[in-house]
Asks: 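So that we are looking at the same thing, I have put the structure below in structure tokens.
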Amino acid sequence: MKDYLATALKRTLMSIPSVPKDFVPELSAPANPDHGDLATNCAMKLARHLRRPPRMIAEEIKDVFMSKHHDPFYVDSVSIAGGGFINFRFANSYLYHELESCLNQGLQFGRSDHGQGKRALVEFVSANPTGPLTVGHGRNAVLGDTQASLLEWIGYDVTREYYFNDAGRQMRVLGASVRSRYEEIVAEETQPFASLPRAVQHRECFQTKTLEGKDNTSIIVADSFPEDGYLGEYIITIARELVREHGIDLLDAPDNNIFEQAAKLAIFSGIRSTLERLGITMEHYFNEKSLYDSGAVTRTLNALRGRKMIYEQDGATWFKTSKLGKETDTVLVKRTGEPTYRLPDIAYHIDKMNRGYDVIINIFGADHIGTYPDILRGLDVLGFDSDRIKVVIYQFVTLTRAGEEVKMSTRKANFVTLDELMDEVTPDVTRYFFVMRSAQKHLEFDLDLAREASDKNPVFYLQYAHARISSILTKASELHLTPDPSPSNLNLLIHEAEIALIKEIIHFPQAITSCAEACEPHRLATYLRGIAEVFTRFYHACRIIGEEEQIATARLALAQATGITLRNGLSILGISAPERM
RNA sequence: GCGCCCGUAGCUCAGCUGGAUAGAGCGUCUGCCUCCGGAGCAGAAGGCCAGAGGUUCGAAUCCUCUCGGGCGUACCA
């Protein structure tokens with residue numbers, strides 16, 4: 001439709017004297033549907049150039065359009081309003097045709113080939129295996145997965161990738177934390193006075209100390225526990241597992257390797273199963289270590305050096321980011337000889353580039369703002385086209401429970417994991433809440449609301465609409481009524497609520513394209529909410545079962561198309577579309 | 001100090017590349033269950049789109065400044 005109108009309008013304008021050859025008319029949907037379905041502002045745009053009042057130009061455009069380029073299959077009427085808007089109203093024949101097309105496409109409805117088989121990489125989550133995924137990771141995971149699905153729907157070949165680092169200081173601290181807990185448990189379980197309170201046992205057999213946990217709580221740990229160790233309960237679980245497997249044999253372990261490995265394995269498998277619960281499957285896990293093993297990190301540094309962007313000072317290796325629009329230079333290799341994370345990050349993105357992706361999307365938390373530009377600078381310097389990289393920065397999640405904010409931290413004992421969240425509010429609700437707001441806004445996640453209030457919850461509203469449609473279709477089929485998608489029957493749909501619903505449905509493919517290309521998945525949630533509302537209005541205005549058969553089958557077709565749209569939309573959001581609730 | 005993001009109804013937020021009378025949910029108030037699923041519907045109240053300038057036919061949207069919030073600004077990840 002938009003294609004037809006755009007070309008018809010363009011041809012119309014070309015036949016009007018003194019319209020610039022390169023003038024491209026804009027078409028947009030009016031805010032108020034009473035005005036029409038698509039409107040153009042070109043008369044106002046041209047007013048200055050043609051030195052004539054906009055309304056007069058609009059009249060001329062309308063006349064030429066109607067006499068030479070009007071196709072009654074698409075456009076019912078053209079009107080002029082306001083300061084010179086030209087409004088086009090769709091012909092019902094076009095609406096029925098599109099509706100039939102929706103029904104024929106079924107589960108494919110909404111897919112397109114805008115991406116033309118181009119390849120896209122979406123990197124998201126990318127949490128290091130030092131603890132369970134938190135609520136913050138949840139927003140990242142849902143945004144990334146939804147964006148990936150959107151791209152698939154518009155014809156991209158998409159890879160979901162998880163980048164992680166399982167070496168370095170963080171992991172050493174993790175290993176030491178587990179070992180300390182292990183020793184603590186061993187001591188506890190092998191003492192003859194095991195029935196005594198735990199704190200007493202500690203004093204008997206162990207040097208202990210007190211660390212400050214979240215909210216001024218103090219936690220007693222063994223003296224061997226690292227100052228910045230991981231206090232989470234999951235560390236104790238891992239240690240306990242080691243005790244069960246190895247007994248006291250690990251007390252003499254020469255280093256913390258076995259503890260580190262055990263922790264890494266356990267935590268990673270936990271992360272995978274959490275993602276699985278959310279319906280997310282990564283196509284690829286990328287280990288930072290491979291960049292060192294392959295020499296990519298060294299090559300990257302040398303390449304930058306070759307561009308004269310590297311210098312040594314105070315024993316460290318610096319990247320001249322001050323020459324690239326940043327205030328200061330940036331350390332790439334510390335005095336200790338250990339690279340900062342930026343160097344392997346640049347190497348990683350070179351690797352992404354070399355793998356030939358047309359679009360590379362990164363989902364980053366707001367704390368990465370100001371760091372990813374260094375990566376882009378590195379790529380630019382080395383001659384890569386960093387425009388292929390799109391970064392979605394999302395603001396943090398505030399979780400509230402009983403009116404109070406719940407703070408989150410992997411290191412401290414008191415945090416809310418993504419699994420705990422899903423236990424409370426189900427994966428469907430979790431996904432919807434994380435994707436329903438614009439990424440660049442803070443997200444307040446009210447647990448009480450998400451959980452207790454099913455009648456206030458938008459995700460239930462969507463699912464309920466779908467379930468209701470399924471129920472109607474089932475009931476109708478028991479009465480031997482089946483949806484009739486032929487336009488000759490659909491043209492019985494003339495009620496205002498029916499027309500409004502059809503228009504909303506056939507907009508679906510375009511909604512997906514625009515969400516995907518703008519990297520704004522929340523807009524899909526907004527759109528689906530709208531579909532459900534318009535459907536509910538139709539449902540109350542127009543009965544299906546009990547009406548004369550032809551009308552009933554036409555309305556059934558409309559209901560079915562709504563169901564298809566809801567189901568497909570929800571599937572992109574990773575949310576189930578239940579037949580019954 | 002500097003950089004990025006945000007400021008829209010009492011609360012949480014939509015508002016697509018600038019367009020016509022700024023929308024929804026929750027909360028408040030009025031109605032509505034002989035009826036295909038009431039987890040709902042219809043309606044009311046509620047706004048100087050933080051403030052001030054600017055750009056133009058036209059600004060919540062773009063630019064500048066001010067105020068207020070968030071996140072960065074490490075030889076931590």
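Residue numbers begin at 1 in each chain, while the letters A, B, ... track the order of the sequences.
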Asks: Is A:F396 stacked on the base of B:rG70 when the test is centres under 5.5 angstrom and planes under 30 degrees?
Replies: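 Answer is no, no stack.
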Asks: Going by purine N1 to pyrimidine N3 plus the second Watson-Crick contact, or the G-U wobble pair, all under 3.5 Å, which nucleotide sits opposite B:rA52?
Replies: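 The base-pairing partner of B:rA52, which may sit in any strand shown, is B:rU64.
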Asks: Among B:rA77, B:rC75, B:rC36, find the nucleotide with the atom closest to the side chain of A:I545.
Replies: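 The answer is B:rC36, which lies nearest to the side chain.
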Asks: Answer with base, sugar-phosphate or nothing: what part of the nucleic acid does A:E547 contact at a heavy-atom distance below 4.0 Å?
Replies: nothing
Asks: Kindly determine whether A:R169 and A:D228 satisfy salt bridge (Lys or Arg N to Asp or Glu O under 4.0 Å), including the steps that lead there.
Replies: CA-CA 11 Å; A:R169 206 188 69 87; A:D228 53 353; 3.0 Å; yes
Asks: Counting only side-chain nitrogens and oxygens, does A:R537 get under 4.0 Å of the OP1 or OP2 atom of B:rA42?
Replies: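 Answer yes for this pair, as a side-chain N or O of A:R537 is under 4.0 Å from OP1 or OP2.
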Asks: Which base, if any, makes a Watson-Crick or G-U wobble pair with B:rC71, both distances under 3.5 Å?
Replies: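 With both distances under 3.5 Å, B:rC71 matches B:rG3.
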Asks: Roughly how far apart, to the nearest Å, are B:rU56 and B:rC63 at atom P?
Replies: 16 Å
Asks: Which label fits B:rC33, syn or anti, where anti is any glycosidic angle not within 90° of 0?
Replies: syn
Asks: Give A:E533 one of three labels, base, sugar-phosphate or nothing, depending on what nucleic acid heavy atoms sit under 4.0 Å from its own.
Replies: sugar-phosphate
Asks: Looking only at heavy atoms, what is the nearest atom pair of A:G569 and A:L524, with distance?
Replies: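 Looking at all heavy atoms of both residues, the closest pair is O-CD2, 3.9 Å.
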Asks: Looking at B:rA77, B:rG37, B:rC57, which one has an atom nearest to any side-chain atom of A:Y539?
Replies: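 Nucleotide nearest to A:Y539's side chain: B:rG37.
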Asks: Using atom CZ of A:R172 as one end and atom P of B:rC76 as the other, report the distance to the nearest whole Å.
Replies: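 Going from CZ in A:R172 over to P in B:rC76 covers 12 Å.
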Asks: Measure from CG on A:D367 to P on B:rC71 and round the result to the nearest Å.
Replies: 10 Å
Asks: Under 4.0 Å, heavy atoms only, any strand: does A:M581 hit a base, just the sugar-phosphate, or nothing?
Replies: base
Asks: Using atom C1' in both nucleotides, what's the gap between B:rC4 and B:rA22 to the nearest angstrom?
Replies: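 B:rC4 and B:rA22 have their C1' atoms separated by 28 Å.
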Asks: By nearest atom, which of the nucleotides B:rG37, B:rC41, B:rU21 is closest to the A:T536 side chain?
Replies: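 Of all the options, the side chain of A:T536 is nearest to B:rC41.
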Asks: In terms of the angle between their ring planes, are A:F268 and A:F164 parallel, tilted or perpendicular, with boundaries placed at 30° and 60°?
Replies: perpendicular
Asks: In whole Å, I'd like the distance from the OH atom of A:Y464 to the P atom of B:rA39.
Replies: 5 Å
Asks: Measure from NZ or CZ of A:R529 to the centre of the six-membered ring of A:Y461, then state whether that distance is under 6.0 Å and the direction lies within 45° of the axis.
Replies: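 Yes, a cation-pi geometry holds between A:R529 and A:Y461.
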Asks: If you compare every side-chain N and O of A:H368 against the phosphate oxygens of B:rA77 (OP1, OP2), does one of them come in below 4.0 Å?
Replies: no
Asks: What is the distance, rounded to the nearest whole Å, between atom CZ of A:R48 and atom P of B:rU56?
Replies: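 Computing the A:R48:CZ to B:rU56:P distance gives 7 Å.
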Asks: Classify the angle between the aromatic ring planes of A:F364 and A:H368 as parallel (below 30°), tilted (30 to 60°) or perpendicular (above 60°).
Replies: parallel
Asks: Tell which nucleotide pairs with B:rC13, taking only Watson-Crick or G-U wobble pairs whose two distances are both under 3.5 angstrom.
Replies: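 Checking every strand shown, B:rC13 finds its partner in B:rG23, with both distances under 3.5 Å.
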Asks: Taking the same atom, C1', in B:rU21 and in B:rC2, what whole-Å distance lies between them?
Replies: 43 Å
Asks: Provide, to the nearest angstrom, the distance between the OH atom belonging to A:Y461 and the P atom belonging to B:rA39.
Replies: 13 Å
Asks: Rounded to whole angstrom, note down the C1' distance from B:rC62 over to B:rU55.
Replies: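 Those two atoms are separated by 8 Å.
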Asks: Return the orientation label for the A:F508 and A:W153 ring planes: parallel under 30°, perpendicular over 60°, tilted otherwise.
Replies: perpendicular
Asks: B:rU61 and B:rA14: how far apart are their C1' atoms, nearest whole angstrom?
Replies: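 After rounding to an integer number of Å, I get 14 Å for this pair.
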Asks: Just compare B:rC75, B:rG40, B:rA77 and give me whichever is closest to any side-chain atom of A:R468.
Replies: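 Nearest nucleotide to the side chain: B:rG40.
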Asks: From CG of A:L462 over to P of B:rG40, roughly how many Å is that when rounded to an integer?
Replies: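 The distance from CG of A:L462 to P of B:rG40 comes to 12 Å, rounded to the nearest Å.
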Asks: Can A:H540 be called stacked on B:rG40 when the rule is centres closer than 5.5 Å and an angle between planes below 30°?
Replies: no
Asks: Would you mind checking if A:D37 and A:K503 are paired as a salt bridge, meaning a charged N to carboxylate O distance below 4.0 Å?
Replies: yes
Asks: Base, sugar-phosphate, or nothing for A:A29, non-hydrogen atoms under 4.0 angstrom?
Replies: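 The residue A:A29 makes base contact.
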Asks: Quick check: are there more than 12 heavy atoms from other residues, nucleotides or ligands sitting under 6.0 Å from CZ of A:R48?
Replies: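 No, the 6.0 Å shell around CZ holds no more than 12 heavy atoms from other groups.
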Asks: Check every atom of B:rC36, B:rA20, B:rA77 against the side chain of A:R543 and return the nucleotide holding the closest atom.
Replies: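 Out of B:rC36, B:rA20, B:rA77, the nucleotide with an atom closest to A:R543's side chain is B:rC36.
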Asks: Please determine, for the side chain of A:S28, which listed nucleotide (B:rU17, B:rC5, B:rA14) has the closest atom?
Replies: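 Of the options given, the side chain of A:S28 lies nearest B:rU17.
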Asks: Using heavy atoms to find the nearest nucleotide of RNA chain B for A:R523 and A:A31 separately, return the residue whose nucleotide is more 5′.
Replies: A:R523
Asks: On RNA chain B, nearest-nucleotide positions of A:I472 versus A:Q313: which is more 5'?
Replies: A:I472
Asks: Roughly how many Å is it from CG in A:N457 to C1' in B:rC13, rounded to a whole number?
Replies: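 Going from A:N457 (CG) to B:rC13 (C1'), I get 15 Å.
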Asks: When you compare the protein's N or O atoms with those of nucleotides 59-64 of chain B, which come within less than 3.5 Å of each other, and at what distance?
Replies:
none

Asks: Ignoring the backbone of A:D314, work out which of B:rC75, B:rG37, B:rG3 is nearest its side chain.
Replies: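 When the side chain of A:D314 is considered, B:rC75 is the closest of B:rC75, B:rG37, B:rG3.
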Asks: Using whole Å, report how far CE of A:M56 lies from C1' of B:rC57.
Replies: 16 Å
Asks: If the test is side chain to side chain donor-acceptor pair (under 3.5 Å), which one of A:Q560, A:Q550, A:E498 qualifies with A:R555?
Replies: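 The side chain to side chain donor-acceptor pair (under 3.5 Å) with A:R555 is passed solely by A:E498 among A:Q560, A:Q550, A:E498.
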Asks: Check every atom of B:rA14, B:rC6, B:rA20 against the side chain of A:T526 and return the nucleotide holding the closest atom.
Replies: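 Looking only at side-chain atoms, A:T526 lies closest to B:rA14.
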Asks: Side chain of A:K45 only, please: which of B:rG37, B:rG58, B:rG72 is the nearest?
Replies: B:rG58
Asks: With both distances kept under 3.5 Å, what pairs with B:rG58, Watson-Crick or G-U wobble?
Replies: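 Pairing partner, where one exists within any strand: none, as none qualifies.
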Asks: Pick base, sugar-phosphate or nothing for A:C42, based on heavy-atom distances below 4.0 Å to the nucleic acid.
Replies: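 If one applies the 4.0 Å heavy-atom cut-off, A:C42 turns out to touch nothing in the nucleic acid.
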Asks: Please state the P separation for the pair B:rU8 and B:rA60 - nearest whole angstrom.
Replies: 15 Å
Asks: For A:F286 and A:Y348: C-alpha separation, side-chain torsions, deciding distance, then whether ring-ring contact (aromatic ring centres under 6.0 Å, His included) applies.
Replies: CA-CA 9 Å; A:F286 193 107; A:Y348 173 44; 4.7 Å; yes
Asks: Which part of the nucleic acid, if any, lies within contact of A:A81, taking any heavy atom under 4.0 Å across all strands shown: a base, the sugar-phosphate backbone alone, or nothing?
Replies: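 A:A81: base contact, heavy atoms under 4.0 Å.
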Asks: Who passes side-chain contact (heavy atoms from CB on, under 4.5 Å) against A:V359, sequence neighbours left out?
Replies: A:A120, A:Y156, A:I361
Asks: Describe the nucleic acid contact of A:N87 in one word from base, sugar-phosphate, nothing, applying a heavy-atom distance below 4.0 Å.
Replies: base
Asks: Given the C1' atoms of B:rC5 and B:rA50, what is the spacing between them in whole Å?
Replies: 16 Å
Asks: Measuring only the P atom in each nucleotide, how far is B:rG27 from B:rG40? A whole number of Å is fine.
Replies: 10 Å
Asks: At 4.0 Å (heavy atoms only), tell me whether A:A467 reaches a base, stays on the sugar-phosphate, or touches nothing.
Replies: base
Asks: Describe the nucleic acid contact of A:R529 in one word from base, sugar-phosphate, nothing, applying a heavy-atom distance below 4.0 Å.
Replies: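 The answer is sugar-phosphate, as A:R529 gets under 4.0 Å only of primed atoms, P, OP1 or OP2.
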Asks: When you look at CE of A:M56, are more than 12 heavy atoms from neighbouring residues, nucleotides or ligands closer to it than 6.0 Å?
Replies: no
Asks: Strictly by Watson-Crick or wobble contacts shorter than 3.5 Å, is anything paired with B:rG38, and which nucleotide is it?
Replies: none
Asks: Nearest to the side chain of A:K441 - B:rA24, B:rG7, B:rA20?
Replies: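 When the side chain of A:K441 is considered, B:rG7 is the closest of B:rA24, B:rG7, B:rA20.
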